[in-house]
Amino acid sequence: MRDLIVRLDVIDDGAASALRVIAHFDSLVSTHASVGALLRATATLTGCAVGYQDVATGRARRIAEDGAEASAEIRNPRGDWPVAHVDEDPDRVVWLERSGPAGPLDDLILERCAQALARTQTARAPLAAGELRVLLDDESPLDRRAVAARRLHLPATITVHAAIAPDAGTGASGPPSTVIDGLIAMVTAAGQEASGIPAGSRVGTCEAAADHAPQAWANARTALRLTGVGGNLEPTRLRFESLGALATVANHMTAKAAATDPDVMRIAALAADHPWVVGTMRALVMQPSVRQAAALLHLHHSTLQEREALVERHLGWSPRSATGRPRAITALLLWRLSQPLG
């Protein structure tokens, strides 16, 4: 590369400069340069401030034209600034705060910076997964968890996400994630969505201070247990903070214990031949009338009446009676807790 650059200097100084840029960023990637180092190189080469934002994690950095750290108050590029997406992700952008005419190599430098950010962060993924396991492990010393949080560049308040892993051998793309006991564990800034987890997946979340991450991970798993796979009028995503007394029941009821409840056993037996049973019972207890429950299920009310009669005969009590409604709600809760994750 160096010999080629020397030869090109004689023929085409612009081409030689372009190759120097490429060689410089390749060198930074080969040494696993940090995000800050890549942004400083970009600022120095272009002679203008550089910004970087990752919406999913809430991370934002700005480097001044002299390579010094700048305020991160500007978290979005102006419309007239050159922008590049990192790994073609619209939520991860790097930009040049260029006022006036563009430099001759601005586009190339910005493109190489974005590519270097993607390659460097991909190379660090196993490290991030290891640090995340430390952060979420309640047996890890507090000081070691604090170090892990700093290495993951996490803010003081985070959201921990627990999700069903589509493949037990991999995590999800986007924010720091790993797989723990067959579940995806992901951490984002507080209030941020878990990008990279497919829409419709079952997800439980809990917001907490970063130094309380292990408890937040346990709480997120509790919320996950109360989600459903869809089709039974069950939520696919739940926040632990919204559970209230439901969390107390879930934390004191194992799947095995819930499965032995007589009402749960009857519901499971009936659902084996009639998969619509759980959704039907939920609609009946959620709505004040059969017609409204039928509308919720997109059924004719006479069809729902037939289903309700079958459920009542099998259970021996009506899910819509004064005593049957709370009994049905409790039985459906225990039925959900009796189901395996996955």
Side-chain angles (χ1 to χ4, degrees), residues 161-164 183 197-206 218-342:
H161 308 258
I164 305 298
L183 301 177
I197 297 177
S201 299
R202 295 173 61 187
V203 183
T205 70
C206 180
N219 292 343
R221 297 199 312 273
T222 295
L224 178 63
R225 290 185 66 199
L226 294 171
T227 62
V229 294
N232 286 330
L233 302 180
E234 297 176 288
T236 57
R237 298 195 175 210
L238 278 176
R239 297 171 58 250
F240 178 82
E241 294 81 4
S242 70
L243 297 181
L246 295 177
T248 302
V249 176
N251 284 331
H252 288 83
M253 181 63 67
T254 65
K256 183 177 180 180
T260 61
D261 176 82
D263 284 344
V264 172
M265 294 173 67
R266 293 188 186 96
I267 291 173
L270 187 57
D273 295 324
H274 305 283
W276 45 259
V277 164
V278 171
T280 294
M281 291 185 65
R282 286 184 64 85
L284 290 171
V285 300
M286 289 169 62
Q287 299 298 322
S289 71
V290 172
R291 286 186 179 274
Q292 288 170 296
L296 185 62
L297 293 169
H298 305 291
L299 294 173
H300 192 276
H301 70 275
S302 62
T303 301
L304 182 56
Q305 286 175 329
E306 293 174 0
R307 292 185 176 185
E308 180 187 14
L310 175 62
V311 169
E312 186 172 344
R313 287 197 304 274
H314 186 83
L315 296 180
W317 45 272
S318 170
R320 290 196 304 117
S321 67
T323 57
R325 190 180 298 269
R327 182 175 176 178
I329 292 171
T330 304
L332 289 171
L333 170 63
L334 295 181
W335 175 85
R336 169 44 60 197
L337 292 173
S338 73
Q339 301 301 296
L341 291 173

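Closest non-hydrogen pair, Gly228 versus Arg336, comes out as CA-NH2, 3.8 Å. Scanning both residues, Leu226 and Pro235, for their nearest heavy atoms gives O-CG, 4.5 Å. Pairing each heavy atom of Ala163 with each of Ile197, the nearest pair is CB-CD1, 3.8 Å. In terms of heavy atoms, Met281 sits closest to Leu315 at CE-CD1, 3.8 Å. Considering every non-hydrogen atom in both Ala293 and Ala283, the closest pair reads CB-O, 3.6 Å. Residue Val264 comes nearest to Trp335 through the heavy atom pair CG2-N, 3.7 Å, listed as atom of the first residue, atom of the second, then distance.
Of the possible polar contacts, one joining the Arg325 side chain to the Leu284 backbone as a donor-acceptor pair under 3.5 Å is found. Of the possible polar contacts, one joining the His314 side chain to the Arg266 backbone as a donor-acceptor pair under 3.5 Å is found. Listed for the His274 side chain is no donor-acceptor partner under 3.5 Å among the backbone atoms of Leu270. Not one N or O on the side chain of Thr303 forms a donor-acceptor pair closer than 3.5 Å with the backbone of Leu299. When atom types are taken as modelled, the side chain of Arg221 and the backbone of Ala162 share no donor-acceptor pair closer than 3.5 angstrom. With hydrogens and angles disregarded, a donor-acceptor distance shorter than 3.5 Å links the side chain of Asp261 to the backbone of Asp263.
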task: Test side chain to side chain contact (heavy atoms under 4.5 Å, CB included) on Leu334 and Met253 and set out the steps.
output: CA-CA 8 Å; Leu334 295 181; Met253 181 63 67; 3.9 Å; yes
query: Going through the distances and angles, do Thr227 and Arg237 end up as a side chain to side chain contact (heavy atoms under 4.5 Å, CB included)?
result: CA-CA 6 Å; Thr227 62; Arg237 298 195 175 210; 5.6 Å; no
task: For the pair Arg202 and Leu341, evaluate side chain to side chain contact (heavy atoms under 4.5 Å, CB included) and give the outcome as yes or no after the intermediate values.
output: CA-CA 9 Å; Arg202 295 173 61 187; Leu341 291 173; 3.5 Å; yes
- prompt: Step by step, would you call Trp317 with Arg327 a side chain to side chain contact (heavy atoms under 4.5 Å, CB included)?
  reply: CA-CA 9 Å; Trp317 45 272; Arg327 182 175 176 178; 3.1 Å; yes
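To the nearest 0.5 angstrom, Leu333 atom CG is 6.0 Å from Leu246 atom CG. The line from CE of Met286 to CD1 of Ile329 is 10.0 Å long, rounded to the nearest 0.5 Å. With rounding to the nearest 0.5 Å, the separation of CD in Glu241 from SG in Cys206 is 4.5 Å. From Phe240, atom CZ reaches atom OG1 of Thr205 across 10.5 Å, with rounding to the nearest 0.5 Å. In this structure, CG on Asn219 lies 9.0 Å from CG on Leu243, to the nearest 0.5 angstrom.
For the residue pair Ser302/Gln305, the side-chain donor-acceptor check at 3.5 Å is not satisfied.
When side chains are defined from C-beta on, Thr236 does not count as touching Ser201, because their heavy atoms never get closer than 4.5 Å. In this structure, the side chains of Thr254 and Leu337 stay at 4.5 Å or more apart for every pair of heavy atoms. Side-chain atoms of Trp276 and Leu310, non-hydrogen and from C-beta on, do get closer than 4.5 Å to each other.
Results of the side-chain hydrogen bond (donor to acceptor under 3.5 Å, both in side chains) test with His301 over Glu308, Gln292, Glu306, Arg291 single out Arg291 as the only residue that passes.
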